[in-house]
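Data first, discussion second: the structure below is written as structure tokens.
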2 protein chains.
Amino acid sequence: MTERRDLAAMLHPLVKALIAAEIRALEPHGISMWAYVVLSALDDGPVRTQAALAEAVGADKTRIIGTLDRLQEAGLITREPDPGDRRARLLAITDAGRRRRRAAQADIQEGEELLLATLSPGDRAAFLRVAETLANNVGP
Amino acid sequence: MTERRDLAAMLHPLVKALIAAEIRALEPHGISMWAYVVLSALDDGPVRTQAALAEAVGADKTRIIGTLDRLQEAGLITREPDPGDRRARLLAITDAGRRRRRAAQADIQEGEELLLATLSPGDRAAFLRVAETLANNVGP
DNA sequence: CATTTCGATAAGCATGCGCCTATCATCTAC
DNA sequence: GTAGATGATAGGCGCATGCTTATCGAAATG
């Protein structure tokens, strides 16, 4: 009935190319993929535990420790013990971190625009809308 | 200006979920991801060298050897020395391979339809069309 | 208070992959 | 022919990742 290729077969190369471009765009800003993902997550609001952050960004909780160390050292995030429960660390982005994240995001989206520019305005809007919808459908 | 999340951030989780679902769908058919990708590539037409196949499926040429071994052993592909250049191996899918691939693809797409079913017909069509377009834009 | 639970951290192990090298057979060019 | 290029294959190295365990400080529970 359906005459089409598999979704994964179409989207996987696309995502690989997007990620490669993203890594290239991130390099001048001196932050890694994971660092950027963490900054983005914290830009949406602070997080009470590192486990929650790891869960939110889809990473192993033992994996992001080094990333947090480097971000903190660079002054892009703060990581203070929760006064209410001193086992937990309150994670928040700093103003410098926010600026860094916004600048990096601008470069990333600039690159993505080159791809999207080939689409008709209608297709472009529909694609972004659907991508957002589907991403939310599988995530939570 | 552009008020949206990064494309990669939206599509990556989606692709991960699609691939996980694909692996699950493939299991009853007794073939791996790479085997399915190889079968799909050969279903579109035979290939003269393994290096060309590896290139086509985006894999390392030393990585697919084991996959080809198993596919050949299972009778799903043929791998014969090219009479014209006996260094090269002519790769082709067998009828059994084609049946296996078609059956697996049907299961995979059935799962994908569950996701796409939440979309309006217009959005669904636009999304598939754009995904195909973008995949072709980054691939070659 | 003593036991148990929980969060962060470090360390170890297995996996899968990209990359690089070596080997062997074959083909091509001179 | 002889030298160099090409294809398949095997093996090893390094990296990133997921998963598991151990430790330690701090809470919570009884």
Side-chain angles (χ1 to χ4, degrees), chain A residues 8-9 12-13 15-24 26-27 31-38 41-42 46-73 77-92, chain B residues 8-9 12-13 15-17 19-24 26-27 31-38 41-42 46-73 77-92 139:
Chain A
H12 196 203
V15 167
K16 284 209 325 191
L18 285 172
I19 289 179
E22 189 165 321
I23 290 176
R24 243 177 294 125
L26 247 25
E27 197 168 316
I31 54 179
S32 70
M33 259 302 245
W34 283 121
Y36 177 71
V37 170
V38 165
L42 292 181
V47 174
R48 218 186 63 84
T49 71
Q50 297 183 183
L53 175 64
E55 165 79 19
V57 302
D60 191 288
K61 65 184 182 307
T62 73
R63 272 286 132 195
I64 64 172
I65 295 178
T67 300
L68 294 177
D69 289 346
R70 268 168 265 121
L71 283 174
Q72 184 180 18
E73 193 181 347
I77 66 168
T78 58
R79 179 162 55 158
E80 295 173 4
D82 183 343
D85 181 348
R86 301 220 308 284
R87 292 173 302 182
R89 310 295 174 86
L90 294 169
L91 302 169
Chain B
H12 196 203
V15 167
K16 283 209 329 190
I19 290 178
E22 188 165 322
I23 290 176
R24 242 176 295 126
L26 247 25
E27 197 168 316
I31 54 180
S32 70
M33 261 297 248
W34 283 121
Y36 176 70
V37 170
V38 165
L42 292 180
V47 174
R48 216 187 66 85
T49 71
Q50 296 183 183
L53 175 64
E55 165 80 18
V57 302
D60 191 287
K61 63 185 184 306
T62 72
R63 271 286 131 197
I64 64 172
I65 295 177
T67 300
L68 294 177
D69 289 346
R70 267 167 265 122
L71 282 173
Q72 183 180 19
E73 193 180 346
I77 67 168
T78 58
R79 179 161 56 158
E80 295 174 4
D82 182 343
D85 181 349
R86 301 219 310 284
R87 292 171 304 180
R89 309 296 174 86
L90 294 169
L91 301 169

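Everything numeric in this text was worked out from a predicted model, so none of it was measured. Order of the sequence lines sets the chain letters (A, B, ...), proteins ahead of strands, with each chain counted from 1.
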Nearest whole Å is fine: how far is [N] [atom2] from [X] [atom1]?
X: B/D85; N: C/dC27; atom1: CG; atom2: P; answer: 6 Å
X: B/L90; N: C/dT26; atom1: CG; atom2: P; answer: 15 Å
X: B/D82; N: C/dA25; atom1: CG; atom2: C1'; answer: 14 Å
X: A/I19; N: C/dG18; atom1: CD1; atom2: C1'; answer: 16 Å
X: B/E55; N: C/dC19; atom1: CD; atom2: P; answer: 12 Å

What does the list of N/O pairs under 3.5 Å between the protein and nucleotides 8-18 of chain D look like, with a distance for each?
{"from": "D/dA8", "atom 1": "OP1", "to": "B/Q50", "atom 2": "N", "distance (Å)": "2.6"}
{"from": "D/dA8", "atom 1": "OP2", "to": "B/A51", "atom 2": "N", "distance (Å)": "3.2"}
{"from": "D/dT9", "atom 1": "OP1", "to": "B/R79", "atom 2": "NH1", "distance (Å)": "3.4"}
{"from": "D/dT9", "atom 1": "OP1", "to": "B/R89", "atom 2": "NH1", "distance (Å)": "3.1"}
{"from": "D/dT9", "atom 1": "OP2", "to": "B/Q50", "atom 2": "OE1", "distance (Å)": "2.8"}
{"from": "D/dT9", "atom 1": "OP2", "to": "B/Q50", "atom 2": "NE2", "distance (Å)": "2.4"}
{"from": "D/dT9", "atom 1": "OP2", "to": "B/R79", "atom 2": "NH1", "distance (Å)": "3.2"}
{"from": "D/dT17", "atom 1": "OP1", "to": "A/W34", "atom 2": "NE1", "distance (Å)": "3.0"}

Quiz item: Any salt bridge between B/D82 and B/R89, counting N to O under 4.0 Å?
Solution: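 A salt bridge is absent here (no side-chain N lies under 4.0 Å from a carboxylate O).
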Self-check item: Least distance between heavy atoms, A/L53 atom then A/A41 atom
Solution: CD1-CB, 3.9 Å
Self-check item: Nearest heavy-atom neighbours spanning A/I64 and A/A59
Solution: CG2-CB, 3.7 Å
Could you state the interatomic distance from [atom1] ([X]) to [atom2] ([Y]), rounded to the nearest 0.5 Å?
X: A/R63; Y: A/L68; atom1: CZ; atom2: CG; value: 13.0 Å
X: A/T78; Y: A/L71; atom1: OG1; atom2: CG; value: 11.0 Å
X: A/D85; Y: A/T49; atom1: CG; atom2: OG1; value: 10.0 Å
X: B/M33; Y: B/E27; atom1: CE; atom2: CD; value: 13.5 Å

Exercise. Estimate the overall bend of the helix from C/dC1-D/dG30 to C/dC30-D/dG1 from the end axes over five pairs each, rounded to 10 degrees.
Key: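 Both end axes considered, the difference amounts to 10°.
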Self-check item: Residue among A/K61, A/E55, A/R79 satisfying side chain to side chain donor-acceptor pair (under 3.5 Å) with A/Q50
Solution: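 Exactly one candidate clears the test, A/R79.
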